Amino acid sequence: MKYIFSVGLLLVSIGLYAQCKGFAKSCKKELSKSFMPTGQSANKEIAPGEKYQYITTFYDGQSYRVNACSDSILGDLQLTIRNTRRQLFYDNNGNGSKTFDFKVGSTQQLIITLKAPENNNGSEDVKGCVAALIGICLLY
């Protein structure tokens with residue numbers, strides 16, 4: 001019985017991961033033609049009020065676009081970008097802005113955080129996919 005439960009849980013987990021993976025691909029079109037995905041993008045399923053954080057490397061002299069997207073059920077994400085000393089580089093304050101363009105002066109790791117707003121409709125079973133897509137500028 002434990003074996004059947006374990007296999008079932010594994011299959012459900014894989015299905016949810018695949019759902020969010022496909023979700024990130026659908027957000028790629030929002031990068032625009034002048035930005036090429038870097039492969040440093042990430043996605044995850046979260047609930048209202050939760051956040052997803054990851055660290056990625058940005059290279060000297062390159063221009064980047066970070067595009068945050070989420071399932072509409074989650075609402076407007078708060079996108080923040082900090083350096084590894086936790087100094088704030090960018091915060092959209094949950095104002096609906098989904099993209100941030102910037103150029104780094106030196107190679108560095110930055111922390112990308114996506115936070116879903118608190119749930120105001122009373123349903124606790126709500127979850128949705130979030131993704132942060134990183135693109136590098138193709139125009140020189």
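The analysis underlying the following values was restricted to heavy atoms, covering all of them including side chains, and did not include hydrogens, waters or symmetry mates. None of the values given here were measured: they were computed from a predicted structure.
- Heavy-atom minimum distance, Asn83 versus Gln108: CB-OE1, 4.3 Å.
- Relative ring orientation between Phe102 and Phe89 is described as perpendicular, the plane-to-plane angle rising above 60° on a 0-90° scale split at 30° and 60°.
- Contact annotation: the side chain of Ile111 approaches that of Gln53 to within less than 4.5 Å [non-hydrogen atoms, C-beta and beyond].
- The two residues Lys44 and Cys20 make their nearest non-hydrogen contact at C-SG, 3.9 Å.
- Checking Asp91, Leu88, Thr113 one by one against Arg82, the side chain to side chain contact (heavy atoms under 4.5 Å, CB included) holds for a single residue, Leu88.
- The structure places CG of Asn67 at 9.0 Å from OG of Ser41, a figure rounded to the nearest 0.5 Å.
- Residues Thr80 and Lys115 form no side-chain contact, since every pair of their non-hydrogen atoms from C-beta on lies 4.5 Å or further apart.
- At least one side-chain heavy atom of Tyr64 sits under 4.5 Å from a side-chain heavy atom of Thr38.
- The minimum heavy-atom distance between Cys137 and Phe35, with the atom names listed, is N-CD2, 3.5 Å.
- With rounding to the nearest 0.5 Å, the separation of CG in Asp101 from CZ in Arg65 is 4.0 Å.
- Proximity of a side-chain donor or acceptor of Asn93 to a complementary backbone N or O of Leu79 within less than 3.5 Å is not detected.
- Between Lys103 and Ser63, the closest side-chain pair of non-hydrogen atoms falls below 4.5 Å.
- Asn92 places a side-chain heavy atom less than 4.5 Å from the side chain of Gln78.
- Considering CD of Gln109 and OG1 of Thr56, their distance stands at 8.0 Å, rounded to 0.5 Å.
- Neither Tyr90 nor Ile55 shares a network with the other; the hydrophobic side chains, linked directly or stepwise wherever heavy atoms of I, L, V, M, F, W or Y lie under 4.5 Å apart, form separate groups for each.
- A 4.5 Å side-chain heavy-atom check between Phe58 and Ile134 finds at least one atom pair inside the cut-off.
- Side-chain heavy atoms closer than 4.5 Å link hydrophobic residues (I, L, V, M, F, W, Y) into clusters, and following such links, possibly through other members, connects Val130 to Val126.
- Nearest heavy atoms, Cys129 versus Asp71: N-OD2, 2.6 Å.
- Side-chain atoms of Val66 and Ile81, non-hydrogen and from C-beta on, do get closer than 4.5 Å to each other.
- Shown here for Ala132 and Ile112, the closest heavy-atom pair between the two residues is CB-CG2, 3.9 Å.
- For Leu114 against Ala68, the heavy-atom pair with the smallest separation is CD2-CB, 3.6 Å.
- Within the 4.5 Å cutoff, side-chain heavy atoms of Thr57 are placed close to those of Thr107.
- In this structure a side-chain-to-backbone donor-acceptor pair under 3.5 Å is present from Glu50 to Ala47.
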